[in-house]
Amino acid sequence: WRGGHRAQPGRDLGGAAIVAVRPATSADARAIAEIHIAAWRAAYVGLIPDDVLAGFDIDRRRATWEERIAGAATPEQVWVAERGASVSGFLHTGPSNDADLDRATAGEVYTVYVDPGAWRSGVGRALMASAEDHWRRIAAVNTLVLWVFEENPSARSFYERLGWAPDGARQVLEIGDARPVEIRYRRDL
């Protein structure tokens with residue numbers, strides 16, 4: 001087991017399933033693909049064109065995640081979060097890809113998504129804690145970044161509650177006919 005935030009399976013005193021985070025395996029690729037598509041379809045209605053959201057292919061997405069999981073090696077990691085016996089979210093992290101940051105000192109959360117049925121259950125928080133713990137163990141890394149759609153107030157609020165803040169960097173993506181703006185969030189370790 002490499003990195004991650006480990007909790008014992010079971011239930012907390014309030015009856016909610018405890019979240020356990022572990023490294024992803026190729027057997028998790030389908031669940032990751034399903035969560036990835038479901039989260040996009042739930043979170044980005046009105047931001048991403050409907051035809052793009054409807055056009056996601058589970059088998060292509062699964063194959064992409066199988067490749068990412070197979071290619072992930074320290075410091076790059078893919079983790080899944082489980083509540084009970086089912087995968088409820090995932091996170092992919094590695095060195096920053098931003099030209100204005102030093103890959104040796106800046107890590108990036110490339111992707112973090114939670115099954116819409118598990119939003120606000122602690123899954124996202126557990127995944128983000130795993131990423132921060134992972135990067136704190138790499139002595140040279142002192143900064144984490146991630147990109148979020150500017151028009152995604154729910155995600156932005158989530159990151160801000162965890163101590164992340166916009167750092168002024170912006171980029172425009174081309175997704176179908178849409179041109180959503182992403183802003184970069186940063187957290188010092």
Side-chain angles (χ1 to χ4, degrees), residues 1-25 27-29 31-32 34-36 38-40 42-43 65 68-69 72-98 101 103-149 152-167 182-189:
W1 183 74
R2 295 178 312 205
H5 186 81
R6 193 107 153 116
Q8 295 299 317
R11 302 212 170 263
D12 68 13
L13 296 177
I18 294 174
V19 177
V21 176
R22 63 170 174 78
T25 68
D28 297 313
I32 290 170
E34 290 170 353
I35 290 167
H36 201 175
W40 268 65
W65 281 107
R68 285 182 182 155
I69 292 165
T74 302
E76 186 173 322
Q77 298 289 313
V78 179
W79 291 301
V80 293
E82 296 176 320
R83 290 177 63 224
S86 62
V87 173
S88 297
F90 70 95
L91 183 141
H92 181 210
T93 189
S96 175
N97 290 316
D98 296 339
L101 299 175
R103 289 177 59 88
T105 62
E108 182 172 343
V109 174
Y110 303 136
T111 309
V112 57
Y113 287 105
V114 174
D115 186 309
W119 286 354
R120 294 174 182 78
S121 69
V123 171
R125 185 177 292 274
L127 287 163
M128 293 297 287
S130 292
E132 290 177 19
D133 290 348
H134 167 72
W135 289 110
R136 281 188 184 104
R137 287 191 298 274
I138 299 175
V141 174
N142 57 26
T143 300
L144 288 180
V145 295
L146 60 81
W147 289 89
V148 61
F149 289 127
N152 188 348
S154 179
R156 293 180 60 187
S157 176
F158 168 72
Y159 298 131
E160 289 167 10
R161 284 192 308 273
L162 295 178
W164 293 70
D167 72 358
E182 283 189 313
I183 57 175
R184 188 171 65 192
Y185 272 61
R186 181 184 301 246
R187 178 172 170 84
D188 294 329
L189 297 177

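Note: hydrogens, waters and symmetry copies are ignored here, and every other heavy atom, side chains too, is used. What you are looking at is a predicted structure, and each value in this text was computed from that prediction instead of being measured.
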Minimum heavy-atom distance [X]-[Y], with the two atoms named:
X	Y	result
Ala131	Leu91	CB-CD2, 3.9 Å
Asp98	Ser96	N-OG, 3.1 Å
Val123	Ala81	CG1-CB, 3.6 Å
Ile32	Ala24	CD1-CB, 4.1 Å
Pro116	Ala38	CG-O, 3.6 Å
Glu160	Tyr185	OE2-OH, 2.5 Å

Could you work out, with side-chain contact (heavy atoms from CB on, under 4.5 Å) as the rule, every residue matching [X], not counting sequence neighbours?
X	result
Arg186	Leu101, Thr143, Val145, Asp167, Arg184, Asp188
Ser157	Arg161
Arg103	Pro95, Asn97

- Task: Report yes if the side chains of Val109 and Trp164 come closer than 4.5 Å at any heavy-atom pair, otherwise no.
- Result: yes

Holding to side chain to side chain donor-acceptor pair (under 3.5 Å), I want the full list of residues that pass it with [X], two or more places apart in sequence or in another chain.
X	answer
Thr93	Trp135
Tyr113	Trp40, Tyr44
Asp28	Arg22, Thr25

[atom1] of [X] to [atom2] of [Y]: how many Å apart, nearest 0.5 Å?
X	Y	atom1	atom2	value
Ser121	Asp115	OG	CG	9.0 Å
Phe158	Arg120	CZ	CZ	10.0 Å
Leu144	His134	CG	NE2	9.0 Å

- Could you tell me whether a side-chain N or O of Trp79 sits under 3.5 Å from a main-chain N or O of Leu127, the two making a donor and an acceptor?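 Pair absent, no side-chain N/O of Trp79 close to backbone of Leu127.
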
- Determine yes or no for a side-chain-to-main-chain donor-acceptor pair under 3.5 angstrom, with Arg187 supplying the side chain and Leu162 the backbone. yes

- Query: Quick one: which of Thr111, Val21, Ile69 gives a side chain to side chain contact (heavy atoms under 4.5 Å, CB included) with Phe90?
  - Reply: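 With Phe90 as partner, Thr111, Val21, Ile69 yield a single side chain to side chain contact (heavy atoms under 4.5 Å, CB included), made by Thr111.
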
- Just do the side chain to side chain contact (heavy atoms under 4.5 Å, CB included) check on Ile183 and Val148 with the steps written out, would you? CA-CA 6 Å; Ile183 57 175; Val148 61; 4.0 Å; yes

